Amino acid sequence: MRNLLITYTKTVCLSGLLLLTGCSDNNKDNAAKHQTIPFVNQDRFGRFDSIGNLGGKPVSIPSGVLYTEVSYIGATENFDTSSINKQPPITYQMPIKELDFDYRLTDGAVKSKNEQTDSDYKQDIKILIPKAKHFPWGYTNVYNLFSPNQPRTFNQWFNNILKSTKETWNFEYFKQANKIFGLTYYQANNGINPKTNQPWEDNIIGNDLYIYQDSNNDIKTLILCDTVGQIKYCKHDFFIKNFPVKVSISYDRTYLKLWQQTEKNIAAILDSWVVTNDGKLIKKQAGKV
């Protein structure tokens, strides 16, 4: 009788434990089923947009325009199966770390895969690059300023350039009398390599330096350009005020004269990707037909 009672007690406990476990699993399943899945826009090819938060704003970025996948703050890069469950869900509130795309300087278009701009880009590579003609596309990176500790000016970078060239390379940048395209122009040792007393012969050092300062004398645009070569390139960095984000774009120096329009156009491209908090479009997205 005593053994029968013990067996009965064990059976009840085991059943209760299984019931609790089952309930726990069911609760997890129900929670997963009721988890809100964000609405995601698509293009005419059925490709889903990349979503997230850029500069404090929800964005929906056409996947066709992206050079590489969007990276997110807090997301594990190259995560394995053991950490996949720790990967945070991507929503319109998840802050983007960085994104990139190709921008055409001549008309402000953004390249999108399988669209006309994609064909144009490939054609330009095929025809212009081998002939060392001016390539109208610029590779563009957008960096989210997600922390208040991240600089919103290039003041320190500018000072570091002046300091490092003087201490490391034994030459100075000299401010030139006239502005170039509205930019304050600094020339490396007035265009002369101090070691040879001849014009600079490479682009390792001695780049031309251009800056634009706002009304507070903060540097909001900083551009470094090659001075040597059949095709010279510029690396153009600037801040977009209303996001805020930092943009870095590299392009043929021929298009330096378009620096202001380039900044306005890229700001407009990013603004076209801003959506409502639940992903509804506000305006026509750049790069999407």
Side-chain angles (χ1 to χ4, degrees), residues 55 68 71 73 77 97-100 103 105 132 134-135 138-241 243-260 262-263 266-267:
T68 58
S71 61
I73 299 164
E77 296 182 10
K97 181 179 181 181
E98 178 185 353
L99 62 94
D100 56 358
Y103 165 83
L105 291 109
H134 299 301
F135 189 62
Y139 174 64
T140 308
N141 284 93
V142 180
Y143 304 93
N144 195 3
L145 300 180
F146 55 90
S147 168
N149 297 322
Q150 290 176 286
R152 263 63 170 177
T153 76
F154 296 121
N155 298 350
Q156 188 61 54
W157 185 20
F158 175 74
N159 291 332
N160 289 343
I161 291 172
L162 301 188
K163 181 180 179 181
S164 64
T165 53
K166 186 175 182 179
E167 295 179 354
T168 305
W169 301 103
N170 298 314
F171 72 86
E172 295 184 52
Y173 270 95
F174 292 96
K175 183 179 179 179
Q176 303 301 298
N178 298 320
K179 290 188 175 184
I180 304 294
F181 309 126
L183 294 162
T184 303
Y185 173 35
Y186 288 80
Q187 194 175 35
N189 202 49
N190 288 321
I192 301 298
N193 186 335
K195 292 185 177 180
T196 62
N197 287 321
Q198 298 294 322
W200 295 100
E201 297 177 348
D202 59 52
N203 293 308
I204 298 175
I205 57 175
N207 300 105
D208 283 342
L209 173 61
Y210 303 90
I211 63 170
Y212 177 78
Q213 294 168 285
D214 65 10
S215 57
N216 295 320
N217 290 323
D218 287 324
I219 300 173
K220 295 295 188 177
T221 296
L222 191 150
I223 306 174
L224 287 164
C225 293
D226 295 341
T227 59
V228 179
Q230 187 174 3
I231 297 294
K232 305 176 185 68
Y233 279 86
C234 291
K235 182 177 181 295
H236 176 173
D237 289 82
F238 63 96
F239 292 97
I240 296 180
K241 182 179 180 180
F243 266 91
V245 297
K246 182 176 81 73
V247 178
S248 182
I249 177 172
S250 299
Y251 51 75
D252 188 317
R253 181 168 178 157
T254 299
Y255 303 106
L256 175 62
K257 60 188 176 183
L258 301 175
W259 73 272
Q260 286 179 298
T262 295
E263 293 188 3
I266 291 178

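As the structure is a prediction and not an experimental result, all values here were calculated from the model.
Checking side-chain atoms of N197 against main-chain N and O of I192 turns up no donor-acceptor pair under 3.5 Å. Of the possible polar contacts, one joining the K232 side chain to the G229 backbone as a donor-acceptor pair under 3.5 Å is found. Judged by distance alone, with hydrogens and angles left aside, the side-chain atoms of R152 form a donor-acceptor pair with the main-chain N or O of Q150 at under 3.5 Å. With hydrogens and angles ignored, the 3.5 Å screen pairs no side-chain donor or acceptor of S248 with any backbone N or O of K246. Between the side chain of N144 and the backbone N or O of G55 there is at least one donor-acceptor pair closer than 3.5 Å. Distance alone, capped at 3.5 Å, is enough to place a donor-acceptor pair between the Q176 side chain and the F174 backbone.
Within the model, atoms NE2 of H134 and OH of Y251 stand 14.0 Å from one another, a figure rounded to the nearest 0.5 Å. Here the CD1 atom belonging to I204 is positioned 11.0 Å from the CG atom belonging to D226, to the nearest 0.5 angstrom. Taking CG of N193 as the reference point, atom CD of Q198 lies at 9.0 Å (rounded to 0.5 Å). In this structure, N141 CG and Y139 OH are separated by 4.0 Å, a value rounded to the nearest 0.5 Å. The distance from atom CZ of F171 to atom CH2 of W200, rounded to the nearest 0.5 Å, is 4.0 Å. The SG atom of C234 sits 8.0 Å away from the CG atom of D252 when rounded to the nearest 0.5 Å.
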Pair K241, D214 - check salt bridge (charged side-chain N to carboxylate O under 4.0 Å, His left out), show working.
CA-CA 11 Å; K241 182 179 180 180; D214 65 10; over 6 Å; no

As a quick check of understanding, evaluate side-chain contact (heavy atoms from CB on, under 4.5 Å) for I161 and L224, giving each step before the final call.
CA-CA 11 Å; I161 291 172; L224 287 164; 4.3 Å; yes

Could you walk me through whether I266 and F238 pass the side-chain contact (heavy atoms from CB on, under 4.5 Å) test, one step at a time?
CA-CA 11 Å; I266 291 178; F238 63 96; 4.1 Å; yes

side-chain hydrogen bond (donor to acceptor under 3.5 Å, both in side chains) between Y185 and D208: does it pass, once the steps are laid out?
CA-CA 8 Å; Y185 173 35; D208 283 342; 3.1 Å; yes

Might you work through the ring-ring contact (aromatic ring centres under 6.0 Å, His included) test for Y186 and F158, ending with a clear yes or no?
CA-CA 11 Å; Y186 288 80; F158 175 74; 5.1 Å; yes

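The closest side-chain heavy-atom distance from I231 to F135 is not below 4.5 Å. R253 places none of its side-chain heavy atoms less than 4.5 Å from the side chain of I223. Residues T262 and Y255 form no side-chain contact, since every pair of their non-hydrogen atoms from C-beta on lies 4.5 Å or further apart. Within the 4.5 Å cutoff, the side chain of E172 has no heavy atoms near those of the L162 side chain. Contact of the L183 side chain with the L256 side chain is registered, since non-hydrogen atoms from C-beta on lie closer than 4.5 Å.
Screening I211, D218, L222 for a side chain to side chain contact (heavy atoms under 4.5 Å, CB included) involving N155 leaves a single residue, D218.
Residues Y210 and W259 place their aromatic rings such that the two centres sit no closer than 6.0 Å.
Salt bridge annotation for D237-K235: present, with a cationic side-chain nitrogen under 4.0 angstrom from a carboxylate oxygen.
Because its NZ or CZ atom is not both nearer than 6.0 Å to the ring centre of Y212 and within 45° of the ring axis, K220 does not count as a cation-pi partner of that residue.
Of all non-hydrogen atoms in A188 and G206, the two that sit nearest each other are CB-CA, 3.5 Å.
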